[in-house]
Each structure stands twice: as structure tokens, then as C-alpha cells.
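Remember, it's 1-based here, ligands and their atoms both numbered in the order they're listed.
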Amino acid sequence: MTDRFDASAVPAGPTSSAAAGARDLHGFIAGLPKAELHVHHVGSASPRIVAELAARHPDSKVPSDPEALVDYFTFTDFAHFIDVYLSVVDLIRTPEDVRLLTYEVARDLARQQVRYAELTITPFSSTRRGIDELAFMEAIEDARKAAETEFGTVLRWCFDIPGEAGLESAEETTRLATTDRLRPEGLVSFGLGGPEIGVPRPQFKPYFDRAIAAGLRSVPHAGETTGPETVWDALTYLRAERIGHGTSSAQDEKLLAHLAEHRIALEVCPTSNIATRAVRTLDEHPIKEFVKAGVLVTINSDDPPMFGTDLDNEYAVAARLLDLDERGVADLAKNAVEASFLDDAGKARVRGEIDTYTAGWLAP
Ligand SMILES: O=C(O)c1cccc(C(=O)CC[C@H]2O[C@@H](n3cnc4c(=O)[nH]cnc43)[C@H](O)[C@@H]2O)c1
Ligand SMILES: [Zn+2]
């Protein structure tokens, strides 16, 4: 686990009101209704599911022992992370694997009181590995509907281009996202993921133009592993409405002012940035600079089991870095609602749940 916020690790004792406060905040976060805007489909597979799939496919290098996955999910750098990520993608071979994974991810989100999640899915990686495209769409939709009925968690999809796989992957992702026969009902946005070095954003402009024309919202990753110029490119060429990570934006004051002025939210994933070594330590994470500049900050988990985290832990980490109390944490949760692609009624509903929960928690 990467610097997991563990309130119980704070020395307790009769004089330790800080410890009691930290424990209370942990409890508050656990029950807080939340929205998750940046979480990857395959990257959310629990160790149990990964181990189960690995046992089913002994030709894979992924360990089938959940304990061994902790080591396997320790990354030397971002490129190593992507290698490991793709080895898990290789385990998902049938529409039933896709359905099971999606349903279990929703269950994990619901357990953390996530009322609404935009899940980033990379359909190209599955269709190129031989999963039938229509069966793939049916599998995710089937799981989405079951999750909403059974867990009360509303799921929406972001289809992302795995940029390093080239323009063939951009064309295929755009086709899957914009062809009426295939486009799933839950699809709301269009993204761009994978490594940024050597993968300039401007080349994807025609694909984002087509996706936006088809009614999808633009949410590329940018500034995770490269500088602020990549975030500018995402804004200029891909017409980004939110930025995945955007970590390096902190190096450019004008960019921070632009993000703040235009209410372009950053999808901040603190533990991910440490696990992939994009940022050296949590204390060096620029989240404080973002808040100081007035940027709309949302808190997200990215690839939680791979990074030994979950959304509750990311909120706890953010609370520590930003020195927040319950109201401050609730405001972060409301930022995610504001930046989400929920309709107005949906936003009002989740915001209302957050307010009611917070008032109840703080009532004497
Ligand atoms: O699927 C393939 O065959 C393939 C071939 C070449 C390159 C790729 C990729 O680059 C896939 C990257 C994959 O990583 C996902 N992801 C998960 N977490 C992150 C993150 O923190 N930053 C960027 N990308 C991330 C992303 O959704 C892509 O699907 C694939
Ligand atoms: Zn991501």
C-alpha cells in the first residue's frame, strides 16, 4: 500500500484528540456519498478477480496468488506500470469476463458510497484481442443496469484511445463510440490514455472532433508524465472539459489561472502519481497549489487495486494534504458532482445526499 492514510496508526491515548479527529474523519469519509470521475475499468479489477482470471489462464505472467499481486503491482516507472496493466488486460478474454469485471467494479464502488462513477474503458484493447464488439457493449451495459438496480450506483462510460497504440486505435475507438449500432447508452465522454511521452495530443484532434460532434464530452489525460504544454494542447486541440491528472499544470501560473477561470476541473489521483513515480512523494504533490489557484479539484482513484488504494483513501490523503475538516471534505465531494456529466437533476440529488449526510454527521 502506498502511503495509505491509516488513522488507526496515529498514536491513541487520553490526550490524543488529533487521533480521535483523524479516526472520525475516516469514518466520515467512509459514509460520505461520492462521485468518482477518473477510474479505469481494467485498473479496478480487485486482486480476487485478477487472481481468479490468472488461474483460469495459466499462460499469463500475472500471479494467481492475491498475496503475490502486491509485489507484481509495485512499479519502477510509468512504462513498467503500462506493461503490467496490459498483462491484466490480456486476462480479459470473453464477454462474460467483461461483464463480471464491470459488475464487481460497481460493487466495490457502491461499498464506498459512490453514487455516480464515470468509468474509463478502452474498448480497442478488448476488440483487438478478439472480443466481439457488440458482445463487449452488451456486457458493459448489462453490468451497468444491474449495478444501478442492485447497488444504486449510476455508472457512465468514458471510452479512451490508448494513444501509444497509434492512430489505428484512435480510429477504432472513435468508430466504436460514434456508430449508432454499437454506441452504448451509458457512454458520455471520450478520453486519451497511456503514456504521453512521444504521443503528442494534437494528432488526435480529428478523432476528438468527431466524438464531440456526436455529443461526447472531452476528458483526455494530460500533464501526468509530461509538462504543462501537454495540458495546453489538450485544451486547444482536444477541447478538454476536464483534464485527467494535469499534475504538471502547477508549473505554469497562466495555465492554472485559465483552468480556474474556465472551471476546467482536474481529476487528481494522488496515490496513482506516487505509484507510477510521476510525483516523488505525497508531500510534493501539487494539489495544494491547484486549490490555492482556485482550480476545481476532484479526487479520484485511477487504478485503485493496482495502486493499493481506494477512493476513500484518496479522500483521506487529500484531507491530510489540504488540512481539511468534514466540511472541506464534503466540498471536495461536491466538486466532483459539479464537474461530472450528470444532468442537473442527478447533480442536485447527489449534492443533496452529501449535504444531508454532512449535516447529520455534524449535528450535536
Ligand atoms: O491494448 C493494446 O494493445 C495497447 C497497445 C499499446 C499501448 C496500449 C496502452 O498504452 C494502454 C494504456 C492503458 O492504460 C490505461 N491507464 C490506466 N491508468 C492510466 C493512467 O494513470 N494514465 C494513463 N493511462 C492509464 C489507459 O486507459 C489505457 O487503456 C495498449
Ligand atoms: Zn487514468
Side-chain angles (χ1 to χ4, degrees), residues 2 36-45 50 60 73 75 77-93 98 101-102 105 117-131 133 136 140 157-173 176-177 189-201 203-204 207 218-226 230-231 234 238 240 242-248 265-279 285 298-309 311 314:
T2 315
E36 163 82 279
L37 305 182
H38 188 125
V39 60
H40 294 261
H41 186 220
V42 172
S44 299
V50 174
S60 161
F73 288 157
F75 310 110
D77 55 20
F78 190 82
H80 178 220
F81 159 67
I82 293 292
D83 262 6
V84 170
Y85 190 91
L86 289 177
S87 71
V88 180
V89 169
D90 280 334
L91 293 175
I92 295 149
R93 301 187 182 179
V98 173
L101 168 65
T102 316
V105 169
E118 292 171 18
L119 196 58
T120 297
I121 298 190
T122 315
F124 171 79
S125 291
S126 291
T127 57
R128 89 173 302 188
R129 283 169 176 76
I131 299 185
E133 56 195 32
F136 180 88
I140 58 173
W157 317 125
C158 168
F159 277 4
D160 79 330
I161 300 169
E164 204 182 34
L167 295 185
E168 176 210 350
S169 77
E171 178 56 43
E172 178 69 350
T173 308
L176 293 167
S189 61
F190 198 71
L192 171 58
E196 290 174 38
I197 296 169
V199 188
R201 310 286 99 171
Q203 65 184 315
F204 299 103
Y207 306 97
S218 169
V219 286
H221 285 65
E224 179 185 18
T225 50
T226 58
T230 308
V231 180
L238 311 183
R242 292 196 315 248
I243 300 284
H245 298 280
T247 319
S248 63
L266 295 184
E267 299 162 358
V268 175
C269 313
T271 299
S272 159
N273 297 146
I274 308 308
T276 63
R277 307 194 187 235
V279 175
H285 197 284
T298 67
I299 301 299
N300 305 278
S301 63
D302 212 6
D303 303 285
M306 291 188 178
F307 300 146
T309 191
L311 188 60
E314 294 310 287

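Compare His41, His40, Arg129 by their heavy atoms: the one nearest to atom 2 (C) of ligand 1 is in Arg129. Heavy-atom proximity to atom 8 (C) of ligand 1, evaluated over Pro162, Gly166, Cys158, is greatest for Pro162. Nearest to atom 21 (O) of ligand 1 by heavy-atom distance, out of Asp90, Asp302, Ile161, is Asp302. Selection from Thr122, Asp160, Leu86, Asn273 by nearest heavy atom to atom 30 (C) of ligand 1 gives Leu86.
Listed by chain and residue number, Thr226 satisfy the side-chain hydrogen bond (donor to acceptor under 3.5 Å, both in side chains) test with Thr230 (two or more places apart in sequence, or in another chain).
At least one donor-acceptor pair under 3.5 Å links the side chain of Thr298 to the backbone N or O of Leu266. Under the 3.5 Å distance criterion, the side-chain polar atoms of Asn300 are matched with a main-chain donor or acceptor of Leu37. Under the 3.5 Å distance criterion, the side-chain polar atoms of Glu164 are left unmatched by any main-chain donor or acceptor of Val199.
For ligand 1, none of its N or O atoms has an N or O atom of Tyr85 under 3.5 Å away. Residue Glu224 has at least one N or O atom closer than 3.5 Å to an N or O atom of ligand 1. Residue Gly194 has at least one N or O atom closer than 3.5 Å to an N or O atom of ligand 1.
Under 4.0 Å from ligand 1, not a single heavy atom of Val89 appears. When heavy-atom distances to ligand 1 are checked against a 4.0 Å cut-off, Phe78 comes that close only through its side chain, counted from C-beta outward.
Between His40 and Asp160, the side chains place no donor N or O within less than 3.5 Å of an acceptor N or O (distance only, hydrogens not considered). Side-chain atoms of Thr120 and His38 form no donor-acceptor pair, as typed in the model, at a separation below 3.5 Å.
Around the Zn ion (ligand 2), protein N, O or S atoms at less than 2.8 Å comprise His38 NE2, His40 NE2, His221 NE2, Asp302 OD1.
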Passes side chain to side chain contact (heavy atoms under 4.5 Å, CB included), Phe75 versus Phe307? Steps please. CA-CA 9 Å; Phe75 310 110; Phe307 300 146; 3.7 Å; yes

Quick one: do Val268 and His285 satisfy side chain to side chain contact (heavy atoms under 4.5 Å, CB included)? Show the steps, please. CA-CA 10 Å; Val268 175; His285 197 284; 3.6 Å; yes

Passes side chain to side chain contact (heavy atoms under 4.5 Å, CB included), Val98 versus His41? Steps please. CA-CA 9 Å; Val98 173; His41 186 220; 4.2 Å; yes

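Remark: aromatic rings of Phe190 and Tyr207 are distant, center separation not under 6.0 Å.
The protein non-hydrogen atom at the shortest distance from atom 1 (O) of ligand 1 is Ser125 OG, 2.5 Å. For atom 3 (O) of ligand 1, the closest heavy atom belonging to the protein is Arg128 NH1, 2.7 Å. Of the protein's heavy atoms, Ala165 CB, 3.6 Å lies nearest to atom 6 (C) of ligand 1. Regarding atom 18 (N) of ligand 1, its nearest protein heavy-atom neighbour is Asp303 OD2, 2.7 Å. Annotation: atom 14 (O) of ligand 1 to nearest protein heavy atom, Ile82 CD1, 3.6 Å.
Heavy-atom separations between Pro195 and ligand 1 include at least one value shorter than 4.0 Å. Look at His245 and you'll find a heavy atom under 4.0 Å from some atom of ligand 1.
No side-chain heavy atom of Glu36 sits under 4.5 Å from any side-chain heavy atom of Glu314.
Considering Asp303, Asp90, Leu101, Ile121 in turn, Leu101 is the only one that fulfils the side-chain contact (heavy atoms from CB on, under 4.5 Å) rule with Val42.
Here the CH2-OG1 distance, from Trp157 to Thr102, works out to 5.5 Å after rounding to the nearest 0.5 Å.
Heavy-atom minimum distance, Ile92 versus Ile131: O-CD1, 3.7 Å.
Here is the list of ligand 1 atoms found below 4.0 Å of a heavy atom in Phe81: 17 (C), 18 (N), 19 (C).
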